Amino acid sequence: IGSISGYISGASSGPYSMSKFAVEAYTEALAMDLQGSDVKVSVIEPGSYRSKIREKVTMHLMTGKYETSKNLTEEQKKRLEQSNQRNAQLKEPDEVSQAVLKFLSADKPKLRYMVVPDKQQAEVTIKTTLSRVVQLNADQPYEYTRDELVKMLDELLEKQKE
């Protein structure tokens, strides 16, 4: 299980995103290593769903520990409650479970299954990824034109249909 944080990082999320970027690289390498065998490799990449991770991160930021402490100040209790309220508004991760089931039952599983609770998270993830392509392409000796990039994208989209 990876995360869209393997594509998107932000303030205070460096270590978590770094671990998820590593899952991306390892998934690709492992899939290539096992190519030709009966073992299939995929990564499920959830977005923001209800999870205990937010409470643990909030606790760690406040106290340096991941466990909930009974010795919180009133301000810390308020921050923890706000975090828990935001988390309670998120969707249950049922769609993530469905993606895992889809992978496990697929004759030809995809390498990646992005599972996000809304269109906005999908758009941010895709735009962030495309932004990296634009950044990689800019000001390098073999820079591609827009038309060449669009042609590459069209070829990849066509290949994906196969």
Side-chain angles (χ1 to χ4, degrees), residues 1-31 40-63 65-68 72 75-138 144 146 149-162:
I1 301 290
S3 170
I4 61 170
S5 291
Y7 292 91
I8 301 169
S9 190
S12 301
S13 67
Y16 181 75
S17 291
M18 183 176 66
S19 72
K20 297 308 176 179
F21 272 82
V23 169
E24 289 298 314
Y26 185 63
T27 298
E28 289 178 9
L30 189 60
K40 303 302 178 204
V41 177
S42 292
V43 60
I44 311 297
E45 303 180 295
S48 295
Y49 287 90
R50 193 172 300 167
S51 163
K52 289 283 187 185
I53 193 170
R54 285 165 195 78
E55 179 178 310
K56 292 181 181 294
V57 168
T58 300
M59 284 303 300
H60 188 263
L61 289 172
M62 290 187 310
T63 67
K65 298 178 183 174
Y66 289 106
E67 304 86 33
T68 305
L72 296 176
E75 179 60 30
Q76 289 173 325
K77 288 177 186 176
K78 183 178 175 183
R79 284 180 60 195
L80 183 60
E81 180 57 30
Q82 288 170 339
S83 174
N84 289 341
Q85 286 174 356
R86 284 191 303 275
N87 189 53
Q89 294 173 5
L90 298 174
K91 288 172 79 174
E92 288 289 342
D94 297 338
E95 294 162 338
V96 179
S97 300
Q98 290 168 2
V100 171
L101 208 56
K102 189 173 182 179
F103 157 66
L104 291 172
S105 60
D107 291 332
K108 290 185 174 185
K110 302 186 318 180
L111 182 61
R112 290 183 172 80
Y113 293 84
M114 180 173 70
V115 187
V116 292
D118 55 49
K119 188 173 181 169
Q120 180 186 5
Q121 282 188 34
E123 183 176 333
V124 167
T125 305
I126 298 300
K127 278 187 173 181
T128 299
T129 304
L130 289 173
S131 174
R132 285 198 182 97
V133 170
V134 170
Q135 292 169 30
L136 279 171
N137 187 53
Y144 293 94
R146 178 195 179 281
L149 290 170
V150 170
K151 182 180 177 193
M152 285 182 206
L153 181 59
D154 286 342
E155 289 169 358
L156 291 169
L157 289 169
E158 192 59 38
K159 187 177 178 182
Q160 185 71 29
K161 290 179 186 177
E162 298 171 3

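Residue numbers start at 1 and run along the sequence shown. Just so we're clear, the structure is a prediction, and the values are computed from it rather than from any experiment.
- Counted by atom type alone, Q135 and S131 present one or more donor-acceptor pairs between their side chains at under 3.5 Å.
- Closest approach of F21 and S5 over heavy atoms only: CE1-O, 3.4 Å.
- When all heavy atoms of V96 and P46 are compared, the closest pair comes out as CG2-CB, 3.7 Å.
- In this structure K91 satisfies the side chain to side chain contact (heavy atoms under 4.5 Å, CB included) test together with Y49, E95, P117, sequence neighbours excluded.
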Exercise. Between R79 and E75, does a side chain to side chain contact (heavy atoms under 4.5 Å, CB included) hold up when you go through it step by step?
Worked result: CA-CA 6 Å; R79 284 180 60 195; E75 179 60 30; 3.8 Å; yes

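- Qualifying side chain to side chain contact (heavy atoms under 4.5 Å, CB included) partners for T129, counting only residues two or more places apart in sequence or in other chains: Y7.
- Judged by distance alone, with hydrogens and angles left aside, the side-chain atoms of R50 form a donor-acceptor pair with the main-chain N or O of A88 at under 3.5 Å.
- Enclosure of atom NZ in K40 by more than 12 non-hydrogen atoms of other residues, nucleotides or ligands within 6.0 angstrom is indicated.
- Considering every non-hydrogen atom in both V23 and I1, the closest pair reads CG1-O, 4.3 Å.
- Here Q76 pairs with M62, T63, L72, T73 under the side chain to side chain contact (heavy atoms under 4.5 Å, CB included) rule; sequence neighbours left out.
- In this structure a side-chain-to-backbone donor-acceptor pair under 3.5 Å is missing from S13 to S9.
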Distance-only donor-acceptor pairs under 3.5 Å for side chains of residues 155-162, two or more places apart:
none

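- Heavy-atom neighbours of F103 CZ from other residues, nucleotides or ligands within 6.0 Å: above the threshold of 12.
- The side chain to side chain contact (heavy atoms under 4.5 Å, CB included) check on A31 picks up V41, L111, with sequence neighbours excluded.
- Between V124 and I4, the closest side-chain pair of non-hydrogen atoms is not below 4.5 Å.
- Distance check: T125 OG1 to L130 CG gives 11.0 Å after rounding to the nearest 0.5 Å.
- Closest heavy-atom contact between Q121 and G47: OE1-CA, 3.3 Å.
- Taking CD1 of I44 as the reference point, atom CG of L104 lies at 7.5 Å (rounded to 0.5 Å).
- Under the salt bridge (charged side-chain N to carboxylate O under 4.0 Å, His left out) criterion, the residue pairs touching residues 114-126 are E123-K127, with sequence neighbours excluded.
- With no hydrogens or angles considered, no side-chain donor-acceptor pair links Q85 and Q89 at under 3.5 Å.
- Heavy-atom minimum distance, V115 versus A99: CG2-CB, 3.4 Å.
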